[in-house]
Amino acid sequence: MGAEKRFFVKFELMLMAILMVSMESSMAALHRVGGKLGWNPNVNYSEWSDHERFYVGDWLLFNFDKRYFNVLEVNETSYDNCNDQGFVKNITRGGRDVVELTQARPYYFLSSGGYCYHGMKVAVNVEMLPPAPEPAPVKNGSLTSDAVSLKIFHYMISFAVAYYYLVLLF
């Protein structure tokens, strides 16, 4: 490849790296149901879910022994009564099962076989992701020193990443 063409390839890669680093994105969260305790009897899932925030696009991860337990999505009445008949969806696949939270609404899950009566049920209320905050108003058309410092820091990071990809990897 000629020197001129190599320069343009590096330049395009640098621009892409800067754009990728500069983009602000919201990433979906993965919530491990029950935390380190997983999906097991005698765990207070109400307490666990009260300390979490669930947004559309997030995922729930159920870790459990599939020989004994399962995960069923149910309606609110079935959740309240530990009724595993007429479930909405069987989530169980292999004991490390995930569910994407696709709508802003309450979701209800339980384990059948009587384990629901031993606490194996969880309700999560899923919300829409809040909009990004509006930028602070600018006085007299100038940026505050904090905003300027943050922009400079952001571009320095972008440049460092681009430099790494272009110089150190080529």
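Residue numbers run from 1 in the order of the sequence given. The analysis underlying the following values was restricted to heavy atoms, covering all of them including side chains, and did not include hydrogens, waters or symmetry mates. Keep in mind it's a predicted model, so treat the numbers as computed, not measured.
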Check the pair D84 / L110 against side-chain contact (heavy atoms from CB on, under 4.5 Å), numbers first and verdict last. CA-CA 8 Å; D84 58 6; L110 58 79; 4.0 Å; yes
Distance, nearest 0.5 Å, that separates OH of Y107 from CD1 of I91: 10.0 Å
For the backbone of S112 and the side chain of N70, can you confirm whether one donor and one acceptor N or O come within less than 3.5 Å of each other? yes
If we ignore hydrogens and angles and just use 3.5 Å, is the side chain of R93 paired with the main-chain N or O of N90 as donor and acceptor? yes
Are V43 and M120 connected in a single hydrophobic cluster, I mean Ile/Leu/Val/Met/Phe/Trp/Tyr linked by side-chain heavy atoms less than 4.5 Å apart? yes
Taking K121 first and then E76, would you say they form a salt bridge - that is, a charged N and a carboxylate O separated by under 4.0 Å? no
Would you please say whether a donor-acceptor pair under 3.5 Å links the side chains of N75 and S78? yes
Hey, what do you get for CG (D58) to CZ (R53), rounding to the nearest 0.5 Å? 11.0 Å
Once rounded to the nearest 0.5 Å, what's the spacing between atom CG of N63 and atom CH2 of W39? 12.0 Å
Return yes if some donor-acceptor pair links the side-chain N/O of N81 with the main-chain N/O of N83 below 3.5 Å, else return no. no
As an exercise, state the distance from CE of M128 to CD of Q103, rounded to the nearest 0.5 Å. 10.5 Å
Joint cluster assignment, F87 & Y68, ILVMFWY side-chain distance < 4.5 Å: no
Hey, any chance V99 and F64 share a hydrophobic cluster, counting ILVMFWY side chains that come within less than 4.5 Å of each other, even indirectly? yes
Using the ring centroid of each side chain, check whether Y79 and Y108 are separated by less than 6.0 Å. yes
Mind listing the closest non-hydrogen atom pair of Y45 and G119 along with its distance? CD1-O, 3.1 Å
Rounded to the nearest 0.5 Å, how far apart are CZ of F62 and OG of S111? 10.0 Å
For this output row, return yes or no: ring centroids of F54 and W48 closer than 6.0 angstrom. yes
Indicate yes or no for a side-chain donor-acceptor contact from S49 to the backbone of S46 under 3.5 Å, with no hydrogens or angles considered. yes
Any donor-acceptor N/O pair, T92 side chain to V71 backbone, under 3.5 Å: yes
Residue pair F109, L72: steps toward the side-chain contact (heavy atoms from CB on, under 4.5 Å) verdict: CA-CA 5 Å; F109 301 96; L72 304 175; over 6 Å; no
State, yes or no, whether a side-chain contact exists between L101 and W59 at a heavy-atom distance under 4.5 Å. no
The residue among V124, V122, V126 that forms side chain to side chain contact (heavy atoms under 4.5 Å, CB included) with L60 is V124
Is the number of heavy atoms from other residues, nucleotides or ligands within 6.0 Å of CZ (R96) greater than 12? no
Working to the nearest 0.5 angstrom, can you tell me the gap between H51 NE2 and H31 NE2? 14.5 Å
